[in-house]
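Atoms within each ligand, like the ligands themselves, are counted from 1 in listed order.
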Amino acid sequence: MELLVPDTVGITRAATLLCSGELVAFGTETVYGLGADATNPRAVAAVFAAKGRPRFNPLICHYADAASAFRDVVPGAAADTLAERLWPGPLTLVLPRRDDSRVAMLTGAGLDTLAVRVPSHPAARALMAATALPIAAPSANRSGRVSPTTALHVIEELGEQVAAVLDCGICTVGVESTVLDLSGDHPVLLRPGGVTLEAIEALIGPVARIGDAKTVRSPGLGVSHYAPSCPVRLNAHTVSADEALLAFGGALAGAGTVFNLSPHGDLIEAAARLFIGLRQLDAEANRRGLARIAAMPVPERGLGLAINDRLRRAAAPRPTHEVIDESA
Ligand code: TXA
Ligand code: MG
């Protein structure tokens, strides 16, 4: 692991590592983030592996400025106002993803929305500018642990898992960014954080909170997880003619429509391809009038836990509403 200082040399080195698919932890005004190129699904899968996350929670994409952020999402009037007044700063906006966004499907956990933010820490902004990429960064702690606010915390927790840590000093805000969902009819506060609700409401009017009647959404809308429209059958050891196959390792004989998550059984590769695979098979199955997606077993270790969690959700009876309320 390299410990870098945020001068020109350090920032350039950190940017080079990020651009080549490595993980770099860096400080923001809120907490330290575990950064990866958001457009590189393997780098993003490595973030989930390093955190030991048992689930694929969608990650926030970090940018040097609002114009860069709004190339990946569609801002409305409220987003424009908030970006103008509160960016750079500890505010994350969830907005509809643009069709031509370069961000990997895994970064947004397969959702039709993306969370974007422009941090105010000068070193973090310089790093985003030097990469010219969206940088996916969850808090740089192992899953279930508290978020780190110094470089030393990160080294203790994830030193073995990252190529470098950019020492940006102590985080001045110390709590994560406020997450505001602007993708639906009403703004919804998904996570309180560094920007107060009062500051937001002063600019855009009333904001609903998770648990309010207004925050209940239908699947496929707002913050609901992407679920294939096709039923999913788990643990497939055989495949029938009316099924599309989500393979892992050697594909089963007899399948016509196949997406192989990883022919060599590599869990990082499988995680990187999971959401693309589900979408692709779902579209193919609908086009060919197939009955369901049959998913081969994936080992229950490493990223296999998160992959299986996602597959079980895809296979479960569809809830009428669901909200994401996690900040692990
Ligand atoms: O201050 C912060 O936001 C820090 C620094 C590093 O920027 N990052 C951070 O990331 O706290 P993370 O991954 O620990 O938390 C991201 C939160 C989660 O609660 C996640 O569910 C939510 O943002 N989120 C991300 N994308 C979303 C989306 N498309 N829809 C709904 N919620 C989303
Ligand atoms: Mg976190």
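- Close N/O approach between Thr28 and ligand 1 is not found [any backbone or side-chain N/O within under 3.5 Å].
- Salt bridge present: Arg279 and Asp112 bring a charged side-chain N and a carboxylate O closer than 4.0 Å.
- No heavy atom of Asn57 sits closer than 4.0 Å to any atom of ligand 1.
- At a threshold of 4.5 Å between non-hydrogen side-chain atoms, the residues Glu201 and Pro187 do not count as touching.
- Inter-residue side-chain proximity for Val298 and Arg310 is flagged as unmet; no heavy-atom pair is nearer than 4.5 Å.
- Not close to ligand 1: Asp181, with no non-hydrogen atom less than 4.0 angstrom away.
- Taking 4.5 Å as the limit, every side-chain heavy atom of Met128 sits out of range of all side-chain heavy atoms of Ser68.
- Within ligand 1, the atoms closer than 4.0 Å to a non-hydrogen atom of His62 are 5 (C), 6 (C), 7 (O), numbered from 1 in the order shown.
- Residue contact annotation: Asn141 places no N/O/S atom under 2.8 Å from the Mg ion (ligand 2).
- Per-residue contacts place Pro138 under 4.0 angstrom from the following atoms of ligand 1 (heavy atoms of the residue considered): 10 (O), 12 (P), 13 (O).
- Where the criterion is an N or O separation shorter than 3.5 Å, residue side chain and backbone included, Ser177 meets it with respect to ligand 1.
- Inclusion of Arg191 in the set of residues having an N or O under 3.5 Å from an N or O of ligand 1 is warranted.
- In this structure, Arg53 counts as a contact residue of ligand 1, since one of its heavy atoms falls inside 4.0 Å of the ligand.
- In terms of polar-atom proximity, defined here as any N/O pair under 3.5 Å, Thr30 does make such a contact with ligand 1.
- The Ser139 neighbourhood of ligand 1 comprises atoms 8 (N), 9 (C), 10 (O), 12 (P), 14 (O), with distances under 4.0 Å to a heavy atom of that residue.
- Between Glu29 and Arg117 there is a salt bridge, since a side-chain N of the basic residue sits under 4.0 Å from a carboxylate O of the acidic one.
- Using a 4.0 Å cut-off to heavy atoms of Glu176, the atoms of ligand 1 that qualify are 1 (O), 2 (C), 11 (O).
- Between Cys168 and Tyr32, the closest side-chain pair of non-hydrogen atoms falls below 4.5 Å.
- With a 4.5 Å cut-off on side-chain heavy atoms, Pro138 and Val47 count as touching.
- Interface of Ala115 with ligand 1, defined as ligand atoms under 4.0 Å from a residue heavy atom, comprises 25 (C), 26 (N), 27 (C).
- Short contacts between ligand 1 and Ala137, defined as distances under 4.0 Å to a heavy atom of the residue, involve ligand atoms 6 (C), 8 (N), 10 (O).
- Any N or O atom pair closer than 3.5 Å counts here, and Lys51 shares no such pair with ligand 1.
- Distances between N or O atoms of Arg117 and those of ligand 1 include at least one value under 3.5 Å.
- If you check the side chains of Thr30 and Ser177, you find no donor sitting under 3.5 Å from an acceptor.
- Inter-residue side-chain proximity for Leu18 and Leu127 is flagged as met; some heavy-atom pair is nearer than 4.5 Å.
- A tilted orientation is assigned to the rings of Phe70 and Trp87, their planes being inclined by 30° to 60°.
- Within ligand 1, counting atoms from 1 as listed, the ones closer than 4.0 Å to a heavy atom of Leu190 are 31 (C), 32 (N).
- In this structure, Leu133 and Cys19 have side chains that are in contact, with non-hydrogen atoms separated by less than 4.5 Å.
- Which parts of ligand 1 touch Thr113 is read off a 4.0 Å heavy-atom cut-off, strictly below it: atoms 28 (C), 29 (N), 30 (N).
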